[in-house]
Amino acid sequence: MLTSLGYAAHAAQTPLAPYRFERREPGPHDVQIEILFCGVCHSDLHTVRDEWHNTVYPVVPGHEIIGRVTKVGAQVNKFKAGQIAGVGCMVDSCQACASCAQGLEQYCEVGFTGTYNGEEKETGGMTYGGYSNNIVVDEKFVLHISDRLDPAAAAPLLCAGITTYSPLRHWKVGKGQKVGIVGLGGLGHMGVKIAHAMGAHVVLFTTSPDKKDDALRLGADEVVISKDEAQMAQQQNSFDFILNTVAAPHDLDAFLVLLKREGTMTLVGAPATPHPSPQVFNLIFKRRHLAGSLIGGIQETQEMLDFCAEHGITSDIELINIQDVNTAYERMLKSDVKYRFVIDMASLKTGT
Ligand code: NAP
Ligand code: ZN
């Protein structure tokens with residue numbers, strides 16, 4: 001077995017703390033990675049605090065992983081030792097169902113294996129994520145990272161990037177369209193950058209007036225303070241597509257009425273408690289759509305990484321030491337993230 005050092009939560013109410021554990025030795029199809037950077041996603045916080053009621057403790061979170069390949073199995077042909085590689089939210093899927101056959105492993109009909117808090121097929125144990133010094137992953141679920149991308153700032157692309165890119169592509173966002181992004185956090189700021197690069201007219205909705213200048217700098221054409229009813233009223237019936245990244249329950253009607261006839265609002269935020277039910281009339285009178293979307297498949301994740309390398313897109317990050325992760329969670333809950341925390345894993349060696 002391979003010895004790993006990471007940070008784990010042992011219960012919903014206790015802070016993350018150093019944790020030593022074991023991973024499988026790399027098999028013939030596996031890539032072993034020394035983790036350099038790992039982004040901090042709001043999903044990590046939901047899981048650590050068992051807000052989705054499915055956490056198995058101890059849990060080592062982290063699914064925005066960038067590292068250096070240190071070892072590859074005999075059958076691996078996509079990666080070589082020394083390369084920079086990425087791992088996102090999934091490390092396995094059934095590889096046999098209709099969704100997997102279409103490269104939509106995130107919708108695997110048997111259920112994909114999460115990078116953490118998932119059941120590992122090889123060992124029957126749990127998977128442990130990227131708040132740690134190493135990871136072993138089947139090469140099918142490892143991504144190539146262009147050397148044009150800064151490795152620390154590229155880490156959040158593995159979840160925040162693909163979770164926003166996939167719905168923007170699926171609903172064919174592009175030139176001539178008016179697109180709303182709700183919430184300027186980790187996902188939202190990637191949504192603004194990517195929708196802008198796709199050529200759309202981007203409107204950012206925020207509850208934080210002090211984020212306005214940043215939103216414009218990141219690529220928004222307009223910024224609307226979503227608590228300001230007069231500003232919201234001016235936007236009625238005008239959007240082709242709205243991507244809603246908010247991590248807390250809120251009034252969906254306030255945004256549904258902003259869609260044009262046949263426009264779509266897609267939810268990617270996954271709050272612990274449900275949103276109040278929207279008014280059906282806001283959907284039926286204009287044949288509007290309310291939808292959801294989950295991360296993205298492996299092929300599409302590689303496409304997104306290549307798109308970001310081509311357009312010079314990475315995340316705006318605040319690099320932190322792993323010892324500061326509990327404080328980072330508290331700041332994330334106050335919407336005080338500019339715009340993604342990324343853990344510098346070198347701090348794990350020196351500080352624990
Ligand atoms: P984040 O960095 O905390 O950003 C969330 C943003 O939502 C905040 O910055 C804030 O933006 C806004 N917000 C927070 N509370 C709000 C409230 N009460 N009312 C209105 N707006 C509020 O979180 P994240 O990492 O981007 O994740 C966002 C959500 O997506 C989480 O629930 C996460 O679990 C989920 N997620 C889903 C997928 C998927 O596949 N569907 C993948 C990854 C994450 P402003 O300050 O601009 O208002
Ligand atoms: Zn995530």
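The chain is numbered in sequence order, starting from 1. Both ligands and their constituent atoms are indexed starting at 1 by order of listing. Excluded from the calculations below are hydrogen atoms, water molecules and symmetry mates; all remaining heavy atoms, backbone and side chain alike, are included.
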For V136, the rest of its hydrophobic cluster, which grows through side-chain links under 4.5 angstrom: L2
Worked check of salt bridge (charged side-chain N to carboxylate O under 4.0 Å, His left out) between R217 and D214: CA-CA 5 Å; R217 174 179 57 79; D214 282 345; 3.2 Å; yes
Polar side chain donor-acceptor pair, R23 to S132, under 3.5 angstrom: yes
Which atom of V223 lies closest to which atom of A215, heavy atoms considered: CG2-CB, 3.6 Å
Near the Zn ion (ligand 2) (under 2.8 Å) - protein N, O or S atoms: C41 SG, H63 NE2, C159 SG
Under the side-chain hydrogen bond (donor to acceptor under 3.5 Å, both in side chains) test, residues paired with S43 that sit two or more places apart: none
Flag if over 12 foreign heavy atoms under 6.0 Å of NZ, K212: no
Within the 4.0 Å heavy-atom sphere of ligand 1, strictly under, residues: C41, H42, S43, H46, W52, C159, T163, G183, L184, G185, G186, L187, T206, T207, S208, K211, T245, V246, A247, A248, V268, G269, A270, S293, L294, I295, M332, S335, R340
Within 45° cone of F307 ring axis and under 6.0 Å: R169 NZ or CZ: yes
Polar side-chain atom of H170 near backbone of S166 as donor-acceptor pair, under 3.5 Å: no
Minimum-distance pair of heavy atoms, taken over all atoms of L204 and G183: CD2-O, 4.0 Å
